[in-house]
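First comes the structure, then the notes that go with it.
This chain uses plain numbering: 1 for the first residue, then up along the sequence.
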Amino acid sequence: MARDGQEGGSVGVVNLLDGLAKVVFYAGAISFAIGLIVLMYTLLGGGEASPEAIARNAEMFSKFLLIGGIAGSLSAAYLFYGEETAGFLILIVGGALSLAQIWAPLIAGQSAEKMGSVVGALATGGYVPAVVGIVAICLEMSSRMRLRMQQGSKADQLKFGKGVKEERDRRNQFMGKCWQLPYCRKFVRERCPIYHARRTCWKERVGCMCEESVIRNAMEGKLIPSDLVAAAKYIPYNNKLTPNQKAERCKQCIIYNEHQKHKYQLLIPAALAIVVGAYVLLREPVGGAIKVALGQANGVITKITFTEDHPSGVAQRITDTSSTGVGGVIPYHEIIMVVLAFVAVAYAIKFVEFLIFKLKI
Ligand code: SF4
């Protein structure tokens, strides 16, 4: 009864939080949209306005954008937690705004110089959503990995051995053979030719979960020689099914699923190491290429605005990373590379998941 009361209480708290998050999300989205629309409108059509009027507009509506971005992104991350695309969408919106200093002067054209405050407001409005997006992606990926490491394939993909309990007498040996995994039942194992021949069921394409004769022989107490070569002769051969049909059986088996979980645990760190290694190796050349591309954008901006680039200008801040500190420059190419590395990690994890739990190689 007390337990029921406790559960009812926690459901009530969750509902309350959900309701609150929805209100914050809608309010944040409206505030964000107002800020974004007005700032973009100013950027596009504010050429005639005085710099003071533009700065006033930017100051007022940057608050809408900033507060809306913080509230909207945090509440969206909470409400859509577990949705694969939520983090990516938040990151795309936040990332695009954060890089306003690259694209906004192109839109502003000849008014770019006096639009500095609007461009700054757009960029500032994107920082928090970009970080929230990255954190949401990391949390989603880590919970996804944890689930896959614990459960492997989804339950509805398993047909053979569904509902079989883990055996306590078996150690779950990492990358072990079928008889070293927790679903090898003692009473079958003792009379199983695969065990006595020290083979694995997924290589022989017959096993205790899918091949009736293995279970029947165990039930009938058929003795299997303990000699490896002699025992191998007792491994049944199913000639009614094609190799593909047998492979399909393995893919739906709880024992093979355990094996796949181990492969996943092995491949995830390897995939992460490849991405980190690629980042370290490619940081200089790719970073340089991004800088060159940004430099070209700088040239376009200078041409459009008919302005000479100077150390405090927008274009200079895009490409120059030689100084740091207050009022210093922003290393956009580094930020872009770190964001790309995060996206690469997310896709590497998804790719491993696809190989192991979809293709089941
Ligand atoms: S086929 Fe089944 S009983 Fe035989 S060794 Fe493998 S898991 Fe154990």
Side-chain angles (χ1 to χ4, degrees), residues 76-77 80-93 95 130 132-162 164 166 172-178 180-183 200-205 207 209-210 241-282 286 336-361:
F80 302 111
Y81 181 71
E83 296 280 341
E84 263 178 56
T85 44
F88 283 103
L89 287 177
I90 298 171
L91 175 61
I92 288 170
V93 174
V132 171
I134 289 177
V135 172
I137 293 172
C138 292
L139 288 177
E140 210 275 319
M141 286 298 149
S142 66
S143 88
R144 197 190 174 97
M145 280 192 297
R146 237 189 358 259
L147 199 72
R148 285 296 194 183
M149 282 180 190
Q150 282 165 3
Q151 292 181 5
S153 291
K154 291 186 179 126
D156 58 3
Q157 288 181 1
L158 297 179
K159 190 168 144 198
F160 300 100
K162 210 173 177 174
V164 171
E166 285 191 24
N172 191 354
Q173 187 160 320
F174 187 64
M175 293 303 288
K177 294 181 187 284
C178 62
Q180 292 168 319
L181 301 181
Y183 294 102
T200 48
C201 54
W202 54 81
K203 283 204 180 127
E204 299 302 322
R205 299 285 193 218
M209 297 291 173
C210 60
L241 297 178
T242 63
N244 275 349
Q245 286 170 323
K246 289 182 198 170
E248 271 315 303
R249 286 196 313 193
C250 283
K251 289 178 183 177
Q252 297 171 50
C253 174
I254 197 166
I255 294 180
Y256 192 64
N257 184 45
E258 203 61 32
H259 181 56
Q260 294 301 89
K261 276 157 64 177
H262 290 183
K263 279 191 205 164
Y264 184 73
Q265 287 164 17
L266 190 70
L267 284 184
I268 284 290
L272 296 183
I274 288 172
V275 176
V276 171
Y279 179 83
V280 172
L281 286 176
L282 299 175
V286 175
I336 292 172
M337 285 197 56
V338 170
V339 171
L340 289 179
F342 268 105
V343 174
V345 165
Y347 275 94
I349 291 168
K350 279 172 82 74
F351 182 63
V352 171
E353 196 175 312
F354 175 74
L355 290 180
I356 301 296
F357 296 114
K358 187 89 182 157
L359 297 184
K360 305 202 179 186
I361 57 167

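- Scanning all heavy atoms of the two residues, the minimum distance from Gly95 to Ala130 falls at N-CB, 3.9 Å.
- Nearest heavy-atom pair across Pro182 and Glu258 is CD-CG, 3.9 Å.
- A search for side-chain hydrogen bond (donor to acceptor under 3.5 Å, both in side chains) contacts involving Arg205 returns nothing, not counting sequence neighbours.
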Please step through side chain to side chain contact (heavy atoms under 4.5 Å, CB included) for the pair Val338 and Ile134, ending with a clear verdict. CA-CA 10 Å; Val338 170; Ile134 289 177; 5.8 Å; no

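- Side-chain atoms of Lys350 and Met141, non-hydrogen and from C-beta on, do get closer than 4.5 Å to each other.
- Side-chain atoms of Gln180 come within 3.5 Å of backbone N or O of Lys177 as a donor-acceptor pair.
- In terms of heavy atoms, Val164 sits closest to Ile254 at O-CD1, 4.2 Å.
- Here CG of Leu340 is found 12.0 Å from OH of Tyr347. Values are rounded to the nearest 0.5 Å.
- In plain terms, the two heavy atoms of Val275 and Ala341 that are nearest each other are CG1-O, 4.0 Å.
- His262 has its side chain within reach of Asn172: a pair of non-hydrogen atoms, C-beta onward, lies under 4.5 Å apart.
- If you run ring-ring contact (aromatic ring centres under 6.0 Å, His included) between His259 and each of Phe174, Tyr183, Phe357, Trp202, only Trp202 comes through.
- A distance-only check finds no donor-acceptor pair linking the side chain of Lys358 to the backbone of Glu353 [under 3.5 Å].
- By the neighbour-count criterion of 12 heavy atoms within 6.0 Å, atom OH of Tyr81 is densely surrounded, having more than that number from other residues, nucleotides or ligands.
- Contact check for Val343 versus Phe88: side-chain heavy atoms found under the 4.5 Å cut-off.
- Here the closest heavy-atom approach between residue Ile255 and residue Leu181 is recorded as O-CD1, 3.9 Å.
- One finds the NZ atom of Lys251 at 13.5 Å from the CG atom of Leu158 (value rounded to the nearest 0.5 Å).
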What verdict does the side chain to side chain contact (heavy atoms under 4.5 Å, CB included) test give for Ser153 and Lys360, after you've listed the backbone C-alpha separation in whole Å, the side-chain angles of each residue and the deciding distance to 0.1 Å? CA-CA 9 Å; Ser153 291; Lys360 305 202 179 186; 3.0 Å; yes

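- Interatomic distance, Met149 CE to Ser142 OG, rounded to the nearest 0.5 Å: 10.5 Å.
- Atom NZ of residue Lys261 and atom CD of residue Gln150 lie 8.0 Å apart, to the nearest 0.5 angstrom.
- Between the side chains of Gln260 and Lys263, a donor-acceptor pair is found at a separation under 3.5 Å.
- Remark: the backbone N or O of Ala155 is not paired with any side-chain donor or acceptor of Asn257 at under 3.5 angstrom.
- Using a 4.5 Å cut-off on side-chain heavy atoms (C-beta onward), Arg148 and Ile268 make no contact.
- Taking CZ of Phe342 as the reference point, atom OH of Tyr279 lies at 10.0 Å (rounded to 0.5 Å).
- Between Gly82 and Glu140, the closest heavy-atom pair is O-OE2, 3.5 Å.
- Separating the CD1 atom in Ile137 from the CD1 atom in Ile90 is a distance of 8.5 Å, to the nearest 0.5 Å.
- A 4.5 Å side-chain heavy-atom check between Tyr264 and Met145 finds at least one atom pair inside the cut-off.
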